[in-house]
Amino acid sequence: MADPIRPDSADALAAIVAEAARDGARLRLRGGGSKDAIGAPTPDARIVDMRGFSGVVDYDPPELVLTVQAGTPLAEVQALVADKGQMLAFDPFDHGAILDGAVGGATIGGIVAAGVAGPTRVSRGAARDHLLGFVGVSGRGERFVAGAKVVKNVTGYDLPKLITGSWGRLAAITELTLKVLPAPRLRLTLGVTGLDPAAAISAMARAMGSAAEVSAAAHLQDWNGAPLTAIRLDGFPSSVEARAALLTRLVDGIAPLADEEAARLWPAITTAAPLPAGVPLWRIIAPAAQMPNVIPAINGAWLLDWAGGLLWLASADDPQAIRAAAMQAGGHAMLVRADAETRAIVPALHPQPNMLAALEERVRRAFDPAGVFETGRF
Amino acid sequence: MPAPDEAVLARRGEIVAAMRAIVAGEGVIDKADELRPYESDALTAYRQPPMVVVLPETTEQVAAILRWCHANRVKVVPRGAGTSLSGGALPLADGVLLGMARFNRILEVDYADRLVVVQPGVTNLAITRAVEDEGFYYAPDPSSQIACTIGGNVAENSGGVHCLKYGLTTNNVLGVEFVTIEGEVLRIGGRGLEPAGLDLLGVIVGSEGLLGVVTEVTVRILPRPETARALLIGFPEVEGAGRCVADVIAAGIIPAGMEMMDKPAVHAAEAFVQVGYPLDVEALLIVELDGPAAECNHLLEEVEKIARANGAISIRISADDDERVAFWAGRKAAFPAAGRLAPDYLCMDGTIPRRRLPDVLTRMCALSGQYGLGVINVFHAGDGNLHPLILYDANKPGELEQAEAFGADILRLCVEVGGVLTGEHGVGVEKRDLMPVMFSPVDLAQQQRVKCAFDPELLLNPGKMFPELHRCAELGRMHVHRGALPFPDLPRF
Ligand SMILES: Cc1cc2nc3c(=O)[nH]c(=O)nc-3n(C[C@H](O)[C@H](O)[C@H](O)COP(=O)(O)OP(=O)(O)OC[C@H]3O[C@@H](n4cnc5c(N)ncnc54)[C@H](O)[C@@H]3O)c2cc1C
Ligand SMILES: Cc1cc2nc3c(=O)[nH]c(=O)nc-3n(C[C@H](O)[C@H](O)[C@H](O)COP(=O)(O)OP(=O)(O)OC[C@H]3O[C@@H](n4cnc5c(N)ncnc54)[C@H](O)[C@@H]3O)c2cc1C
């Protein structure tokens, strides 16, 4: 296979894509490559390394807006905003570890293209909710601009939503503009042990539906040898204190965790670290109230994030059975990690019903008529 | 608007009969005097009675109407409550107006998963009314919330004064049932937090009725914050108010609402509702904070300090909820207050980077002199969304055109300083011809190709959003190697 190409201007990239479109060749966009192990292997696609697009374009903290080139390392972007007391509110995190890739390689463009969302998805939204605009190169080899660089905009179609989570199948993102938010002064995690999944989900729902303004809520099957339900409050100290008091009235037996433990817990949840390696890893999204029906239907180790709306599952069960259980609950299942053999036959993304799949296909052709970015990975 | 198709106009009788075969009785309106109420939305400068109005009640009827119109190449304009300020629901002389008002039922309230499933004709406020006894509410709150429908909100991606903290419609919708122009009924998104596959929901929200007809909406609801308090802060100059807004955010505070009014707006509002606004200020800020009492008290102090540091000359803090509501009453009455200053007004809706505010207001003032038309400014200060209200008299020959030209200049100015044409009201017919100010032909063609993926014959709401109607075949043209896709038969989709 040919070496990766590493363009550093949108014009150069546009020329590469246009040529590929003409020749019927395929391109696989790569940021840090931390997600290379997701989806079917794609031996005959030429890799385009997006890390040539690197650096901050504009950052004005009081405007809550940050414009960066897409290949900028995530760690660099996070350090930049943290320095101004701000954050990327959708909790991006480097998943290199669970995918046997190198940690620290993730790029901001890859994060957005993968549509990642950490535990605060339940309170602050996903990458889609924070991408304001982008510059991209479509599969036609044309540079185009979508969205804008201000926090509130409804001019034209919201293409930033569409590009988020598109896994490099619509266009190559070269530059993106994100909404940033002030980082909370204090984070406090409260925990209660010993709940079964149904009781945990109902406790989390009570908390989410209260004035406690929960930032994140998760339930682990096994944390230090027992089930743990963890609820996090973020904000100004006086506020967090008042809400913690409310929470202890709402959930029996809940009490603050030590800061060191909380600091270990949330990254572990985000990366599904407590689950065994070497087993296929699934990410099931369904309404939380339905999750107690999904869990007993499948063998494997699991943990629940998003107040029960996200199930990370390490299971060697039949993929069809796992997907059926997810659908039964009104949800869907993504295959995040598996050996190459499995990935070659089991699609990473949950297959869509026919009419929807046909519409998605038409939308992809609207960006990429020649299928340059259809590497067969998804 | 596109010139009416004479061949379609000539088939009016046949089209009305076809609609009657799908929707019985009063659900089809074709008499001239009964069509009149539908001839415009809230952008009343544009009027056009539709060929026929159809008011379906079921998704099956919507699908049958669209299927028939598609097969017969008849254009369709969806309509909710008709409160669009951009002419989004303006009818076509040769088109069917598809009114969704009869889809007015709340289908399900689910407190465990904190969501509500509604039909699209339900009003925005009705959702909050349905759940407030249990302590919940639906966050996006356009000022038109008593009247506007959730279907219209989805189409326009509407916002409100609380959207800096709680987001626009797009951040609060989980799923829709959606009918394509071909009459296919699709479920997009659902009750879970994320859909599988491409985020089509993300592009349907804000698509201004050009991609399909929404027949059901699932929205997230939130628990009511424990308390809400507001500050009313007067400044002797706009710069100080602008700096105050920036400093509040720099201090890590995201208020539930942060609104600014300029001096003419303050005077107009006070004359209209008499809530005790200070009249000796150049700019007035309303800052609302919500959350536990402990948090509100703390933040009120912080904001007060920041305001003083930026030269505030009057500060009032709401003692109770009645007073908080009174602070807002003037702001919420800004539109009718403008209506008392002049027979007509145009409401603009650009967004700018907030740091450019003083500059933009100065230049707007100069434009006002140049056009000889007054303007008052209300402003979602937290997110930079301007609402200049241009005052004019439609009965004076040429004044509407002058007001529109003034408005267009304001929007060009917004784009010039790094902002956008519309923050929440949509492009519609009003800003359609300004789209090239913000987007290149390549950018616009990419958006139109998305339209083509949903509606290749351009039958849904044509004449809105895009300055030119390109045929889809024209846009799609591209040399493909030997005329074939690289993977004609990939098995995995
Ligand atoms: C199922 C799943 C769930 C995840 N959940 C979370 C989470 O909850 N929180 C979290 O923080 N992280 C999460 N991640 C990790 C996150 O996806 C990665 O950290 C991020 O994608 C890494 O970026 P990268 O540069 O290494 O991407 P890569 O692995 O290089 O690429 C990722 C995808 O994006 C495409 N891509 C890369 N760059 C571009 C570009 N410039 N333009 C267009 N497309 C591009 C690629 O083609 C590929 O499809 C999750 C990952 C997966 C698979
Ligand atoms: C006094 C006043 C104050 C306002 N304040 C605000 C505000 O604070 N914030 C804000 O964002 N907006 C505001 N608006 C604008 C307006 O209320 C919103 O745009 C609203 O969402 C329109 O809803 P509607 O039901 O009236 O839709 P309509 O005006 O009937 O239609 C609007 C658009 O939606 C499409 N549409 C309607 N229903 C459907 C459906 N079921 N499926 C597909 N397409 C559909 C139509 O084709 C049209 O393009 C205000 C308007 C007024 C008159």
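Heavy atoms only: backbone and side chains are in, while hydrogens, waters and symmetry mates are out. Chain identifiers are assigned alphabetically (A, B, ...) following the order of the sequence lines, protein sequences preceding nucleic acid strands; residue numbering begins at 1 within each chain.
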Check whether [X] gets within reach of chain B through its side chain, its backbone, both or neither, counting any heavy atom under 4.5 Å.
X: Leu356(A); answer: both
X: Phe236(A); answer: side chain
X: Ala286(A); answer: backbone
X: Val65(A); answer: neither
X: Glu213(A); answer: side chain
X: Arg143(A); answer: backbone
X: Ile201(A); answer: neither
X: Ser210(A); answer: backbone
X: Asp58(A); answer: side chain

Interface moiety of [X] toward chain A, non-hydrogen atoms closer than 4.5 Å:
X: Pro456(B); result: neither
X: Glu134(B); result: neither
X: Tyr166(B); result: neither
X: Leu193(B); result: both
X: His380(B); result: side chain
X: Leu168(B); result: side chain
X: Phe136(B); result: side chain
X: Arg220(B); result: side chain
X: Thr170(B); result: both

**Request:** Scan Val151(A), Asn153(A), Val150(A) and name whichever one has a side-chain contact (heavy atoms from CB on, under 4.5 Å) with Thr351(B).
**Result:**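 The single option meeting the side-chain contact (heavy atoms from CB on, under 4.5 Å) with Thr351(B) is Val150(A).
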
Can you measure from [atom1] ([X]) to [atom2] ([Y]) and round to the nearest 0.5 angstrom?
X: Leu299(B); Y: Ser238(A); atom1: CG; atom2: OG; result: 7.0 Å
X: Ile249(B); Y: Leu181(A); atom1: CD1; atom2: CG; result: 9.5 Å
X: Leu64(A); Y: Ile254(B); atom1: CG; atom2: CD1; result: 5.0 Å
X: Asp383(B); Y: Lys179(A); atom1: CG; atom2: NZ; result: 7.5 Å

Identify which of [options] forms the greatest number of heavy-atom pairs closer than 4.5 Å to chain B.
options: Arg185(A), Arg206(A), Gln86(A), Met204(A); value: Arg185(A)
options: Lys152(A), Lys161(A), His332(A); value: Lys152(A)
options: Ala146(A), Gly125(A), Ala366(A); value: Ala366(A)
options: Gly156(A), Ala205(A), Gly331(A); value: Gly156(A)
options: His350(A), Arg121(A), Glu142(A), Lys149(A); value: Arg121(A)
options: Pro287(A), Ala211(A), Pro182(A), Ala307(A); value: Pro287(A)

Tell me, out of [options], who's got the most heavy-atom pairs with chain A below 4.5 Å.
options: Ala294(B), Ala196(B), Gly192(B); answer: Ala196(B)
options: Leu115(B), Val185(B), Ile188(B), Asn171(B); answer: Asn171(B)
options: Ser440(B), Ser207(B), Gly167(B); answer: Ser207(B)
options: Asp110(B), Asp443(B), Asn157(B), Leu444(B); answer: Asp443(B)
options: Lys451(B), Glu424(B), Arg187(B), Glu226(B); answer: Glu424(B)
options: Arg191(B), Gln447(B), Gln448(B); answer: Gln447(B)

Shortest non-hydrogen contact between [X] and [Y], atoms and distance:
X: Asp199(B); Y: Thr164(A); value: CB-O, 4.5 Å
X: Val363(A); Y: Phe454(B); value: CG2-CE1, 3.9 Å
X: Pro292(B); Y: Ala242(A); value: CB-CB, 4.2 Å

Would you indicate whether the side-chain heavy atoms of [Y] and [X] approach each other to under 4.5 Å?
X: Val145(A); Y: Gln446(B); result: no
X: Met355(A); Y: Glu182(B); result: no
X: Val154(A); Y: Glu208(B); result: no
X: His298(B); Y: Pro237(A); result: no

Is there a donor-acceptor pair under 3.5 Å between the side chain of [X] and the backbone N or O of [Y]?
X: Asp113(B); Y: Ala289(A); answer: yes
X: Glu360(A); Y: Leu198(B); answer: yes
X: Arg362(A); Y: Ala453(B); answer: yes

**Asked** So, Glu194(B) and Arg128(A), do they make that salt bridge, N to O below 4.0 Å?
**Response**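 Arg128(A) and Glu194(B): not salt-bridged.
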
**Test log, rule side chain to side chain contact (heavy atoms under 4.5 Å, CB included), inputs Lys431(B) and Thr155(A)** = CA-CA 9 Å; Lys431(B) 289 158 242 141; Thr155(A) 319; over 6 Å; no

**Request:** State whether the number of non-hydrogen atoms from other residues, nucleotides or ligands found under 6.0 Å of Glu301(B) atom CD is greater than 12.
**Result:**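 At most 12 heavy atoms, drawn from other residues, nucleotides or ligands, come within 6.0 Å of this atom.
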
